[in-house]
Each structure stands twice: as structure tokens, then as C-alpha cells.
Amino acid sequence: MGEPFDVYADAFLITLSPFGANVSFEVREAHPSPQRAQTTTRLGTVRMSLEHLKVMVVMMKKQVK
């Protein structure tokens with residue numbers, strides 16, 4: 001088990017499998033150069049069951065509304 005983290009993320013990536021989900025939180029470069037691809041830094045990944053992800057999505061939608 002890794003250390004708990006409390007950071008700001010402005011990007012995320014979700015991958016799903018038949019048995020679970022991975023949610024990676026990332027932060028992007030503040031002032032990207034138009035001549036090169038924008039870089040992102042992965043801050044951490046949270047792994048969970050699909051059921052847990054579904055409940056989280058419902059709760060987040062209610063909070064955002």
C-alpha cells in the first residue's frame with residue numbers, strides 16, 4: 001500500500017477490465033509549447049471494482065449538480 005496523497009489533478013485516465021477499473025490522476029504542463037506535444041505527469045492510480053466506480057459516479061453527479 002502506497003502513501004496517501006493529496007494533490008491537484010487536471011486530467012484523468014480510466015481503464016476498465018471485466019473485473020475492475022483503474023483511475024489514474026494526472027497533471028498537465030502549465031504553459032505548453034506549441035512546437036511539441038504537451039506533457040503530463042501521472043500523480044497516482046486508484047484501483048477499484050466496477051461496482052465501486054458506478055457508486056462513485058452516481059455520487060459525483062449528484063454533488064456536481
Side-chain angles (χ1 to χ4, degrees):
M1 178 88 82
E3 290 291 317
F5 61 92
D6 182 4
V7 294
Y8 173 81
D10 63 1
F12 64 95
L13 174 69
I14 298 176
T15 54
L16 303 174
S17 74
F19 304 107
N22 304 311
V23 182
S24 295
F25 296 94
E26 303 170 338
V27 65
R28 295 183 185 184
E29 186 177 5
H31 302 283
S33 170
Q35 289 80 22
R36 61 184 175 85
Q38 188 174 16
T39 60
T40 59
T41 304
R42 187 171 59 87
L43 302 172
T45 300
V46 179
R47 293 171 174 85
M48 64 190 76
S49 69
L50 295 174
E51 292 81 9
H52 185 173
L53 179 62
K54 289 176 187 176
V55 170
M56 266 183 39
V57 168
V58 168
M59 293 174 70
M60 289 171 137
K61 283 174 69 174
K62 287 182 180 180
Q63 289 293 318
V64 170
K65 286 181 179 180

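Count residues from 1 along the sequence. Note that the structure is a prediction, hence the values are computed from the model and not measured.
When hydrophobic clusters are built by joining Ile, Leu, Val, Met, Phe, Trp and Tyr residues whose side-chain heavy atoms come closer than 4.5 Å, directly or via intermediates, Ile14 is grouped together with Met48. Side-chain heavy atoms closer than 4.5 Å link hydrophobic residues (I, L, V, M, F, W, Y) into clusters, and following such links, even through other members, never connects Val23 to Val55. Side-chain heavy atoms closer than 4.5 Å link hydrophobic residues (I, L, V, M, F, W, Y) into clusters, and following such links, even through other members, never connects Val57 to Met59.
Note that CD of Glu29 is 4.0 Å distant from OG1 of Thr39, once rounded to the nearest 0.5 Å.
Nearest heavy atoms, Leu50 versus Gly20: CD2-O, 3.5 Å. The two residues Arg42 and Glu26 come nearest to each other via the heavy atoms CA-CG, 4.0 Å. The two residues Ser24 and Thr45 make their nearest non-hydrogen contact at OG-OG1, 2.8 Å.
Using a 4.5 Å cut-off on side-chain heavy atoms (C-beta onward), Lys62 and Val58 make contact. No side-chain heavy atom of Tyr8 sits less than 4.5 Å from a side-chain heavy atom of Leu43.
The local environment of CD in Gln38 is crowded, with over 12 non-hydrogen atoms from other residues, nucleotides or ligands closer than 6.0 Å.
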Given side chain to side chain contact (heavy atoms under 4.5 Å, CB included), test Thr40 with Leu13 step by step and report yes or no.
-> CA-CA 11 Å; Thr40 59; Leu13 174 69; over 6 Å; no

